[in-house]
Structure formats: C-alpha cells, structure tokens
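For reference, the structure is listed below as structure tokens.
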Protein chains: 2
Amino acid sequence: MGGHGHALETLKETGHRLTPQRLLVLEAIAEGGGHMGAEEVLARVQKVYPYMDISTVYRVLGLLEDLGLVTHITTPEGTRYELVRGGERHHHMVCRACGRTWDMSTRFLADLGEAVWKEYRFRADMAHFTLQGICKDCLSADNNPMSGGETP
Amino acid sequence: MGGHGHALETLKETGHRLTPQRLLVLEAIAEGGGHMGAEEVLARVQKVYPYMDISTVYRVLGLLEDLGLVTHITTPEGTRYELVRGGERHHHMVCRACGRTWDMSTRFLADLGEAVWKEYRFRADMAHFTLQGICKDCLSADNNPMSGGETP
DNA sequence: GTTCCTCTTGCAACAGAGTGCAATTGCAAC
DNA sequence: GTTGCAATTGCACTCTGTTGCAAGAGGAAC
C-alpha cells in the first residue's frame, strides 16, 4: 500500500484508534506525494468513502501533525500538508508569482535560530517555517524589480 | 490628534479620498500603539462611528498597507496591524506561550535573505516576517523542554 | 459473541478574512 | 452653492478553518 511506513504503529502506540478515516487520510497524503491542501485530501478520500467530512480531515491532519507524522506549511494559496518521511527534514520557499514550493536546507534556519537565541534568548520554532518571495524562474521570466528592495 | 504624521498627505498625494472611515482607522491604530487585530480596530472606530463595517476596516488597512503607512504580521492569535513609523524598521518574534510580540533587528533576516539568494537564487520577501517560538520570560517561568528539539 | 465505555465522527453552526455589487459620497469643476 | 461622476462604503455572501454536540463505533474485558 501507500508509503506511510510506521504511521499505524505510532497511532496505536500513542493510544489512538485505528479508524478507516485515519487510514484513508494517511493513504491520501502518502499517495499525493507533494504538498496537498485539506480540500484535496478530502476529494481523494471521498473517491473511496463519500461520507468523509472536511472537519474530520482537519482533525485527523491535526492529530497526525501532533504525532509528528505530517507537517503543514502556509502558502499564499492556503495551508498545505505533507507526510514527514524519515530523516529528510527541510524547510520551504513559496514563490509569490507562480505559487510553486521549493525545498530549502535546514542549515540556513539553524543559523538564524542560533543568532536569535544568542541575541534575545528567544527560542525560535522553525517547524512550520516558510519563506515567501520570487523564485529564480519567475525572476528571469519577467525582470521583476520588486518594489521596496527588501534584499540588498 | 493621533500620531499618524504624514499619513493624510500621503493619501491625498496618491489620489485617494480623505473619508471619515479612513481617518478613524488611522486614528485607531495610531492611538492603539502596539499591534492590533482588525476586530479591535473596528471596536475602537465604532465607539465614534457605530456604522463602521468590518469589511471597510479590512479594505482601509489594505490600502494603508499598500501605501506603506501600515504593516501587518501573522501571529497564532491572528493577523495584527501596526503603524509604520519613520525609519524604525524591525521584524517580529511572537511567543507561543504568552502571545506577546517582540521586536527583532532586521540584521538577522538580511543575513538569511542573502544566504538563500546565493544558494538558490530565490529572492525572499521579508516584509511580513514573523518568527514563532518561546520568549525568555516563558522559558524561565516553566522550564519548557520544547519537544522536537528544533534549535541545536 | 456481547457488553460497555470512551474516543471519534458527521453535521451544523461559527469566526476571521475577503469580494461583488448597488447605493452613497468626496470633491473637482462649474 | 450645485452638479456630476468615479471612488468608496455597507451589505450580503463566499471561502477556509474550527468548534459544540449528539450519534456512532473501536476495541478491551468478559
């Protein structure tokens, strides 16, 4: 089946029930691969189980996220969910122009987190970090001058 | 009156009308000082002008933001607006525990933006950047171990 | 296989944010 | 002081995400 590895065990071990709705949500995001919206998860599940409700999708995604099986990022197009696959941690860059999501190494944020900790004793939580901006494709496509000049 | 300096001139210069609703929103955020939600702006305005509508608040805040007179940040408690006061640019750190907002020097993000540009040719937009985490007060209050260990 | 109890679900209702449109109004020209 | 008209407002509605609650179901104990 899907690619949701040890997810079922994690659910049982933490004392949660193995309901069809949870299995279906897990399968949907595993098959979907990339970053999916709640509405897309709902659509996929409803192909198999038409009674699925959007509120259940949100609750199941929330639970899976609490268990560390799923993460979400916030894009201008709304919240997107993705399966956490062992080890391959990364952050995201979302292009304001084309809407695509790019992966970013954790290295950059580790540096930022450390700097902020040293200066302010603020323990930054990078879990759902998303950088907004313009990707290289869109930059070269139209020579966008980006009013405001945020980057030196 | 309030502390909204050259805001009125900016509105006129850019060919926008000086409506009572706009003046009231401007006064509200100027008097409010810190970071206010749209609902709080509405409440303040309605003390003087009870017919004010929430959609107008959003549209006026959007306009003021386009003109660079106001910025918004996104916190776990929702979107917050603040008056842009000459020169003193900064970013924000929001504490997940107490909800307070702290200012952060632009320096840290400038470094991040440059690093990401060099590596990925992604032009990051830091305008509405907000770092989430736990502030030093809440860290010392209860010795929160922060499951997940995001900061090394 | 039944029973029981708590966890989950589906539904409906709600909150925050934003949009389309007809009615209203600021204000420039007279 | 009037007039005219585009910019703006208020209302109703949409869209995403969340919550309260009664009905339903997983699964441990028997």
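Reminder, nothing fancy here: chain letters follow the sequence lines and each chain counts from 1.
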Inset, instruction - Look at the side chain of A:Thr14 and the backbone N and O of A:Thr10, then say whether any donor-acceptor pair between them is shorter than 3.5 Å. - result: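 Checked: pair present.
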Legend entry - Backbone N/O of B:Leu139 and side chain of A:Arg123: donor-acceptor pair under 3.5 Å: no
Legend entry - Watson-Crick or G-U counterpart of C:dC21, or none if no pair lies under 3.5 Å: D:dG10
What is the distance, to the nearest angstrom, from the [atom1] atom on [X] to the [atom2] atom on [N]?
{"X": "B:Glu40", "N": "C:dG16", "atom1": "CD", "atom2": "P", "answer": "13 Å"}
{"X": "B:Asp53", "N": "C:dC21", "atom1": "CG", "atom2": "P", "answer": "18 Å"}
{"X": "A:Leu61", "N": "C:dT9", "atom1": "CG", "atom2": "C1'", "answer": "15 Å"}
{"X": "A:Gln46", "N": "C:dT9", "atom1": "CD", "atom2": "P", "answer": "15 Å"}
{"X": "A:Ile54", "N": "C:dA12", "atom1": "CD1", "atom2": "C1'", "answer": "15 Å"}
{"X": "A:Glu77", "N": "D:dG17", "atom1": "CD", "atom2": "C1'", "answer": "17 Å"}
{"X": "A:Leu64", "N": "C:dT8", "atom1": "CG", "atom2": "C1'", "answer": "14 Å"}
{"X": "A:Leu24", "N": "C:dG10", "atom1": "CG", "atom2": "P", "answer": "10 Å"}

Inset, instruction - Using a cut-off of strictly less than 4.0 Å between a heavy atom of the residue and any atom of DNA chain C, enumerate the qualifying residues of residues 13-22 of chain A by number. - result: A:His16, A:Arg17, A:Thr19, A:Gln21, A:Arg22
Legend entry - Side chain of A:Met52 - closest among D:dT9, D:dG10, C:dG10: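 When the side chain of A:Met52 is considered, C:dG10 is the closest of D:dT9, D:dG10, C:dG10.
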Inset, instruction - Name the nucleic acid region contacted by A:Thr79, choosing base, sugar-phosphate or nothing; use a 4.0 angstrom heavy-atom cut-off, strictly under. - result: sugar-phosphate
Legend entry - Student check: side-chain heavy atoms of B:Gln46 and B:Tyr51 closer than 4.5 Å: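 No. Closest side-chain heavy atoms not under 4.5 Å.
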Inset, instruction - Please tell me if the side chains of B:Trp102 and B:Cys135 come closer than 4.5 Å, counting only heavy atoms from C-beta onward. - result: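 B:Trp102 vs B:Cys135: side chains touch.
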Legend entry - B:Tyr81 and B:Tyr58 aromatic centres sub-6.0 Å: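 Not close enough - the centres of the two rings lie 6.0 Å or further apart.
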Inset, instruction - Taking only the side-chain nitrogens and oxygens of A:Tyr58, find out if one of them lies under 4.0 Å from OP1 or OP2 of C:dT8. - result: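 Checking C:dT8 against A:Tyr58, no side-chain N or O comes under 4.0 Å of OP1 or OP2.
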Legend entry - Below 4.0 Å: OP1/OP2 of D:dG10 and any side-chain N or O of B:Ser55: no
Inset, instruction - For the residue pair B:His35 and B:His92, confirm or rule out a side-chain donor-acceptor distance under 3.5 Å. - result: yes
Inset, instruction - Mark yes or no for a side-chain to base donor-acceptor pair under 3.5 Å between B:Arg59 and C:dG20, with no hydrogen or angle criteria applied. - result: yes
Legend entry - Distance, nearest 0.5 Å, that separates CG of A:Leu63 from NE2 of A:His16: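 If I round to the nearest 0.5 Å, the distance is 5.0 Å.
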Inset, instruction - For A:Thr56 and for B:Gly37, locate the closest nucleotide of DNA chain C by heavy-atom distance; then report the residue assigned to the nucleotide nearer the 5' terminus. - result: A:Thr56
